[in-house]
Protein chains: 2
Amino acid sequence: MTLSRRGTRSDRALRPRERAEKRAVVAVTIRDVARQAEVSVATVSRALSAPDLVRPATRDRVLAVAAELGYQPNRAARSLITGRTGNIGIVVPDLENPFFTGVLKGLQARARQADYAVFVSDSDEDPTAEAMLVRAMAKQVDGIVLAAPALDDDQLYAIAEDTSLVLLNRRLRGISAALMNSAAGMRQVLEHLVALGHRRCGYLHGPRTSWSNRERRRGLRAAATQHGVELVELGPFPPRYEGGLQAADLAVAADVTAIIAYNDIMALGVLARLRDRGIPVPEAVSVTGFDDLVFASLCSPPLTTVAMPLGQAGRLAVDLLLEHIASDRTEISQVDLETQLIVRGTTSTPATN
Amino acid sequence: MTLSRRGTRSDRALRPRERAEKRAVVAVTIRDVARQAEVSVATVSRALSAPDLVRPATRDRVLAVAAELGYQPNRAARSLITGRTGNIGIVVPDLENPFFTGVLKGLQARARQADYAVFVSDSDEDPTAEAMLVRAMAKQVDGIVLAAPALDDDQLYAIAEDTSLVLLNRRLRGISAALMNSAAGMRQVLEHLVALGHRRCGYLHGPRTSWSNRERRRGLRAAATQHGVELVELGPFPPRYEGGLQAADLAVAADVTAIIAYNDIMALGVLARLRDRGIPVPEAVSVTGFDDLVFASLCSPPLTTVAMPLGQAGRLAVDLLLEHIASDRTEISQVDLETQLIVRGTTSTPATN
DNA sequence: TTCACGACAGAAAACCTTTACATCACGGTG
DNA sequence: CACCGTGATGTAAAGGTTTTCTGTCGTGAA
């Protein structure tokens, strides 16, 4: 299957540009630097990692030689003795979901600033795979960020037992977390709809096990009760485009005036399905999403949704993780980031029939 | 700035679930297994990595003990002596571009199958950053995939000199590459437009330095010449939504009947701008994209575009890289993957005025 | 019976770095 | 003048694994 669409396999033996001494790249070690600078290896090591322990004159000489030789410490050797790897890992449910790549982008940038490299894995929304990936990663990172994990509480606690862990969009007592206040975002959504005059709204559930889904529902129900709005719950649906297609028909049948989708991708599916069925948005029914993906503003009509601080959450996750590591795994913090309703073209006053 | 939107920092000292013996996790080493199985460490090592060198009875005993103790080889120690890390790296220009995350997803999955972990870095389309990231990565991976690199040929050759390298969407003599046949895709686009009756088309350039851009233009020009179509070249523009907004006006002013965008994101920008100006698509002007992002089918009208084998390219890149590594860096292959025109709603016969 | 050889397992070196400890010189204090 | 503290550097151990070299044992052939 993989091969089926492959084209011609050409140039099997292209001339490499320079074959000579490719093998001769033996990597310069700390001994080479020591010899050249006429000091011991210990001094070189110190000059690089604890500069104030060595006399300035010596330090400068060592550093000069190191630079000249292009010395790069061998990370394997270093981490063998220090127990630190200089890496962090993140496992996300779906790399094709812009929500997670937004987080990943911020996380990657911050990690780089702190001189950490980042491993990434995609669990395909499968809890079993998630656990496996974490286990595989654990040995070669200083800590792991788990984005919207599907694992249950006990398994997460078990993981936190022997590796530094930060959760993203999942709150669990005793484990650091970067959280986005979805409940507040959903409250804003509902109050927006109430202001427009809606009295019967449908919520399209995301995955039942998802913390975010529970949070969003919680915020929604609280606000609905408070404002005396009838809330029809539908689903759960897969949090994907196809889920939205499927959900749209159910929502229409449930005779609601507004459809509140678990996330933008589902909302886009809903919009597509409604368009196919000739049901005008927002005239016949209002639709809202959640996440504010770039593409939410590009469809027509542009989607009313809730903006999430994705990059910020990614950066925060790194900060929390490094804090946790630096404090010998004793420091725990959970930080809530605020979300923001973005009103666009898919919401208006309900049809008067 | 980072802190500005943070909410309350709570629960500074939540009770960790189980504090006792968190420190006692000392990791079981090969010696422990050896002692328990009453063999030497050498035998344990062999039982795990070269099973046929040890008598079945012994091997089974060792394996049983290893499993019982939950032994996991220390990768740092292993790579210290073998020189292999078991990691590969990929650097992409933009993690928020679905094109690259599509590739990343496939790449990650394949790497996992082969028991490799993957480092990811985002260069933010900056060649300098790109070079830096590669250098930083080089020491801790067995090979690197460079997606649509912005670096110039010489720098790429320099990198290939001392690390295994696979390029994605960039062809360079003597370096392995996974390529998508954009030229053929663009030929299909133009022939589609010709068939509809278009005779004067505008091409919106992507970044001038981009190999993909040159390829697309090449395919387009060849087909245009062959079919006697007038091709107006505009740009370059940034390959983003904003670039499309900007390009749309220029294309309209150039009085073409069809706008061929460098990629989908730009095409979406074009569509948005045309909508704002009240220019109907495809009645007044046809528009095409390139990449077939999920969202290309969700806008209205849905975008005519060219599908790229993203996941396949990611998997292929891993295969090429591992092949290159396994062959002692002597094997070079360049593989072209086919692209596919997807006709949707943004193309039709030209306006007859 | 002896010898050669193969199959198996152990001992030890090697990979490169960090760091605890030792050494040394020097200046100050009692 | 003896002693001590301090700052700068060197020595060597340690970290966990792979791999080469060596040794042992048993088997089959001469």
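As the structure is a computational prediction, the values presented were derived from the model and not from experiment. Letters A, B, ... mirror the listed sequences (proteins, then strands); counts begin at 1.
- Proximity of Ser45(A) to the phosphate of dT17(C): no side-chain N or O atom is located under 4.0 Å from OP1 or OP2.
- Per the geometry, CD1 belonging to Ile81(A) stands 11 Å off C1' belonging to dA12(D), to the nearest Å.
- Here the P atom of nucleotide dA11(C) and the CZ atom of Arg31(B) are 10 Å apart, to the nearest Å.
- Here the side chain of Asp122(B) pairs a donor or acceptor atom with the backbone of Leu95(B) at under 3.5 angstrom.
- Salt-bridge check for Asp94(A) with Lys105(B): passed, with a basic side-chain N closer than 4.0 Å to an acidic carboxylate O.
- Applying the side-chain contact (heavy atoms from CB on, under 4.5 Å) test between Val166(A) and each of Ile88(A), Leu320(A), Leu316(A) identifies Leu320(A) as the sole match.
- Contact annotation: Tyr71(A) side-chain N/O to dC16(C) OP1/OP2 distance is not under 4.0 Å.
- To the nearest 0.5 angstrom, Asp126(A) atom CG is 4.5 Å from Thr128(A) atom OG1.
- For the residue pair Thr43(A)/Ser40(A), the side-chain donor-acceptor check at 3.5 Å is satisfied.
- Distance Arg78(A) CZ to dT17(D) C1': 20 Å, rounded to the nearest Å.
- Atom CD1 in Ile30(B) sits about 11 Å away from atom P in dT19(D), given to the nearest Å.
- The interatomic distance linking Arg75(B) (CZ) with dC16(C) (C1') rounds to 19 Å, in whole Å.
- With salt bridges taken as basic N to acidic carboxylate O contacts below 4.0 Å, one links Arg170(B) and Asp153(B).
- Checked by atom type, the side-chain pair Gln334(A)/Ser176(A) shows no donor-acceptor distance below 3.5 Å.
- Among dA12(D), dT17(D), dC16(C), the nucleotide with an atom closest to any side-chain atom of Val41(A) is dA12(D).
- The interatomic distance linking Asn74(B) (CG) with dC16(C) (C1') rounds to 14 Å, in whole Å.
- For the pair Glu38(A) CD and dG10(D) C1', the computed distance is 15 Å after rounding to whole Å.
- Across the protein-nucleic acid pair, Leu80(A) atom CG and dT18(C) atom P stand 11 Å apart, rounded to whole Å.
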Next item on the list: Scan nucleotides 4-9 of chain C nucleotide by nucleotide, 5' to 3', and note B when protein non-hydrogen atoms come under 4.0 Å of the base, S if they reach only the sugar-phosphate, - if neither.
Entry: ----SB
